[in-house]
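In what follows, a structure is listed as structure tokens, so that the remarks can point back to it.
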Amino acid sequence: MQDDNSSDEGSDSIDWNTEDELEIANTSSPSSVAISTTTNAAVTTEFGESSSSNNYPSKIVNDFMKMGFPEAMVTKVIRELGENNTDAILDTLLTYSVVDEVPHQENRHNDQTLNPQSNIESDFSDLDSNFSDEDDDESLEKDDPVVSLIDMGYSPYEASAAVIRCGKDAPLSELVDFISAAHLSKETDVEMDKLYFTSQLLKKDKKRKLEKEKSCGINKKLDIKIERKRRDDDEDVLHLPNPMIGFGVPRESFQVVHRTLPKEAIGPPYFLYENVALTPKGVWNTIKSFLYEIEPEFVDSRFFCVAARKRGYIHNLPLENRFPIRPLPPRTIFEALPETQKWWPSWDNREQLNCILTCIGSAQLTDRIRSALEKCDGEPNLHVKKYIIGQCKKWNLVWTGKNRAAPLEPDEIELIMGYPVNHTRGVSRCERYKGLGNSFQVDTVAYQLSVLKDLGIIQGWWEQTNQTGNLIHMSDVEDVTFGKLEECIRSFGGFDLVIGGSPCNNLAGGNRRTRDGLEGEHSSLFYDYVRILDAVKSIMGRN
DNA sequence: ACTATAATGAGGTCATGT
DNA sequence: ACATGACCTCATTATAGT
């Protein structure tokens with residue numbers, strides 16, 4: 001891995017090394033491989049498994065249990081969604097393999113001061129319980145607005161709250177407006193997001209009506225979904241959420257209140273593993289099987305910044321009370337790159353950018369686009385438009401002059417990826433592009449790591465910008481042996497966090513030559529992440 | 001030797017239509 | 001259910017230039 005280009009998430013504080021690296025100690029960036037502080041040995045959370053105590057001996061519970069879902073999980077979901085929402089129950093069960101049954105209300109009233117959304121969530125939670133209580137015998141054939149909203153990606157709490165507030169007969173658009181307004185009331189771009197929501201709504205609503213017409217009852221729909229699940233299991237396919245918002249993002253939250261982790265997965269240390277979301281078939285299933293069968297969290301960074309970045313994360317971090325870095329980064333092109341607005345053609349309707357890659361478009365392409373535009377008077381014809389839009393999306397070009405579509409500059413990418421301007425200065429331009437293209441999107445990962453603040457982990461690191469700890473840099477991950485780890489743990493007292501990504505070279509869609517999968521030359525270094533995590537746990541466990 | 005440039009598709013998901 | 005098309009992707013490498 002120490003040869004050419006097997007970089008992992010090397011966005012550390014000092015150099016822009018594109019090789020595999022592993023830093024130990026207090027680093028300034030959330031993308032080092034391991035973080036150790038001598039101070040606190042982390043508050044152990046009660047993720048322990050809880051026995052099922054329920055009174056849902058109904059047929060529906062049995063039906064779901066026959067499909068292989070644990071009873072506790074089924075009853076938990078039914079308690080949240082109501083027994084009537086068969087569709088939503090199945091969706092939830094399919095999405096989350098394990099849900100514990102701790103009543104969510106108990107987890108919500110702790111520290112509302114830290115999380116601006118917690119008030120809303122609490123409201124939703126309370127409203128939800130009211131809702132389920134009073135609405136147990138809703139007919140399944142009726143077009144349940146709660147189900148529709150959940151289908152659209154909203155949480156049961158949000159959906160229930162909206163229905164209660166606006167009434168069951170309110171049009172879906174009004175319900176959606178209510179939810180988005182609740183989330184966005186403090187934001188500036190309310191209108192834009194309303195538009196987005198509404199467009200999504202219209203599409204989903206149309207599709208849903210068609211489904212209604214075709215299906216002749218929930219049993220058939222259930223059968224279809226069960227069949228789909230069975231087929232997916234056979235083919236080792238993991239379900240990618242759409243929209244790709246993982247366990248919740250700041251403004252379009254689909255909150256999983258709680259999850260139960262396997263005992264052996266619970267920290268210390270905490271860990272977070274990352275890689276591309278769109279891998280060859282079966283890869284994420286294999287990764288998952290080496291990381292305690294924890295369900296990956298698939299998140300697209302377009303919900304955190306202006307550019308897309310579809311990634312999967314497996315971690316054992318708590319999910320409650322996450323919060324984003326402030327100020328929130330711009331999420332539209334015009335906000336992020338205001339100077340492009342002047343040159344932006346009306347027929348280029350992009351509002352966000354595609355994934356930041358390691359290569360940029362050529363100057364010749366910019367020229368080709370310019371000459372194509374100069375040949376036509378006024379607005380280009382459909383064919384030219386299609387060609388140019390296609391190239392702009394493919395190469396992430398932005399309009400920087402009259403008829404001039406150019407690649408992003410390194411410092412612009414630094415900002416988009418969440419790093420300070422000039423963070424990568426000092427190496428060649430190509431190396432800057434490569435390093436940034438290989439990095440974490442800071443805001444995305446920081447959101448997942450933000451829970452560590454509440455737990456008192458790395459608090460000093462979080463609060464201050466200037467780092468005073470020791471940085472130990474090893475350029476080869478295979479040098480991080482069991483003995484070295486023992487040494488470090490003896491010296492520091494243990495690791496709080498083991499974090500990193502492994503090479504995506506052999507997984508990424510952009511690789512046209514050696515997309516060989518997880519066993520590929522570079523991507524197989526994933527197993528070193530597993531090795532190190534196991535070693536750390538083993539060493540810390542016997543102390 | 002180092003750096004920049006430009007050419008090099010396929011695999012997979014999703015939406016839509018039949 | 002099946003076909004089709006749109007869409008997107010932490011990349012690799014030969015080549016030329018400095």
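Since this is a predicted model, take the numbers as computed values, not measurements. So you know, we letter chains A, B, ... as the sequences are listed, proteins then strands, and number each from 1.
Proximity of Asn505(A) to the phosphate of dT12(C): a side-chain N or O atom is located under 4.0 Å from OP1 or OP2. In terms of phosphate contacts, Gln364(A) brings a side-chain nitrogen or oxygen within less than 4.0 Å of OP1 or OP2 of dA7(B). Considering only side-chain N and O atoms, Ser428(A) lies under 4.0 angstrom from the phosphate OP1 or OP2 of dA4(B). In this structure, Asn511(A) does not reach the dT13(C) phosphate: none of its side-chain N or O atoms is under 4.0 Å from OP1 or OP2.
Arg302(A) has its CZ atom 15 Å from the P atom of dC10(C), to the nearest Å. His239(A) has its NE2 atom 11 Å from the P atom of dT13(B), to the nearest Å. Taking atom CZ of residue Arg350(A) and atom C1' of nucleotide dC7(C), one finds them 14 Å apart after rounding to whole Å. When the C1' atom of dT9(C) is taken as reference, atom CH2 of Trp395(A) falls 11 Å away, rounded to whole Å. With rounding to whole Å, Ile360(A) atom CD1 is found 16 Å from dT3(B) atom P. In this structure, Glu409(A) places its CD atom 13 Å from P of dA4(B), rounding to the nearest Å. For the pair His522(A) NE2 and dT12(C) C1', the computed distance is 10 Å after rounding to whole Å. Rounded to whole Å, the distance from NZ on Lys434(A) to P on dT3(B) is 11 Å.
Every residue two or more places apart in sequence or in another chain that forms a salt bridge (charged side-chain N to carboxylate O under 4.0 Å, His left out) with Arg531(A) is listed here: Asp528(A). With sequence neighbours left out, Asp367(A) forms a salt bridge (charged side-chain N to carboxylate O under 4.0 Å, His left out) with Arg370(A). Looking at residues two or more places apart in sequence or on another chain, you find a salt bridge (charged side-chain N to carboxylate O under 4.0 Å, His left out) between Glu379(A) and Lys385(A). Not counting sequence neighbours, the partners of Asp348(A) by the salt bridge (charged side-chain N to carboxylate O under 4.0 Å, His left out) test are Arg350(A).
Comparing atom distances between the Ser362(A) side chain and each of dG12(B), dT9(C), dA7(B) picks out dA7(B) as nearest. Of the candidates dC10(C), dT9(C), dA6(B), the closest approach to any side-chain atom of Ala308(A) belongs to dT9(C). For Arg513(A), taking side-chain heavy atoms from C-beta onward, the closest of the listed nucleotides dT13(C), dA6(B), dC10(C) is dT13(C). Checking dA6(B), dC10(C), dC7(C) against the side-chain heavy atoms of Lys393(A) singles out dC7(C) as nearest. Comparing dC10(C), dT13(B), dT12(C) against the side chain of Arg311(A) picks out dC10(C) as the nearest. Of the candidate nucleotides dA7(B), dC10(C), dC8(C), dC8(C) has the atom lying nearest to any side-chain atom of Asn354(A). Nearest to the side chain of Arg512(A), among dG9(B), dA15(B), dC10(C), sits dG9(B). For Asn438(A), taking side-chain heavy atoms from C-beta onward, the closest of the listed nucleotides dT9(C), dC10(C), dA7(B) is dC10(C).
If you find the closest nucleotide of DNA chain C to Leu278(A) and to Lys386(A), the one lying nearer the 5' end belongs to Lys386(A). Residues Arg429(A) and Lys394(A) each lie close to DNA chain B; by heavy-atom proximity, the contact nearer the 5' end of the strand is made by Arg429(A). The residue among Cys430(A) and Leu240(A) whose nearest nucleotide of DNA chain B is located toward the 5' end is Cys430(A).
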For this session: Can you run through DNA chain B from 5' to 3' and write each base as (, ), [, ], | or . depending on how it pairs? Watson-Crick or G-U wobble, both distances under 3.5 Å.
Result: ||||||||.|||||||||

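Identified under the salt bridge (charged side-chain N to carboxylate O under 4.0 Å, His left out) test for residues 403-413 of chain A, with sequence neighbours left out: Glu409(A)-Arg429(A).
Note on ring orientation: taking the six-membered ring where Trp is involved, the planes of Tyr292(A) and Phe271(A) are tilted (angle from 30° to 60°).
Between the side chains of Thr424(A) and Arg432(A), at least one donor N or O lies within less than 3.5 Å of an accepting N or O. The closest side-chain donor-acceptor pair between Glu274(A) and Tyr529(A), if any, does not fall under 3.5 angstrom.
For dG9(B) and dC7(C), the C1' atoms lie 14 Å apart once the distance is rounded to whole Å. Comparing dC10(C) with dC14(B), their C1' atoms are spaced 22 Å from each other, to the whole Å.
Among the protein residues, Cys359(A) comes within range of the nucleic acid bases, having at least one heavy atom under 4.0 Å from a base atom.
Contact between Val299(A) and Gly246(A) at its shortest, heavy atoms only, is CG2-CA, 3.9 Å.
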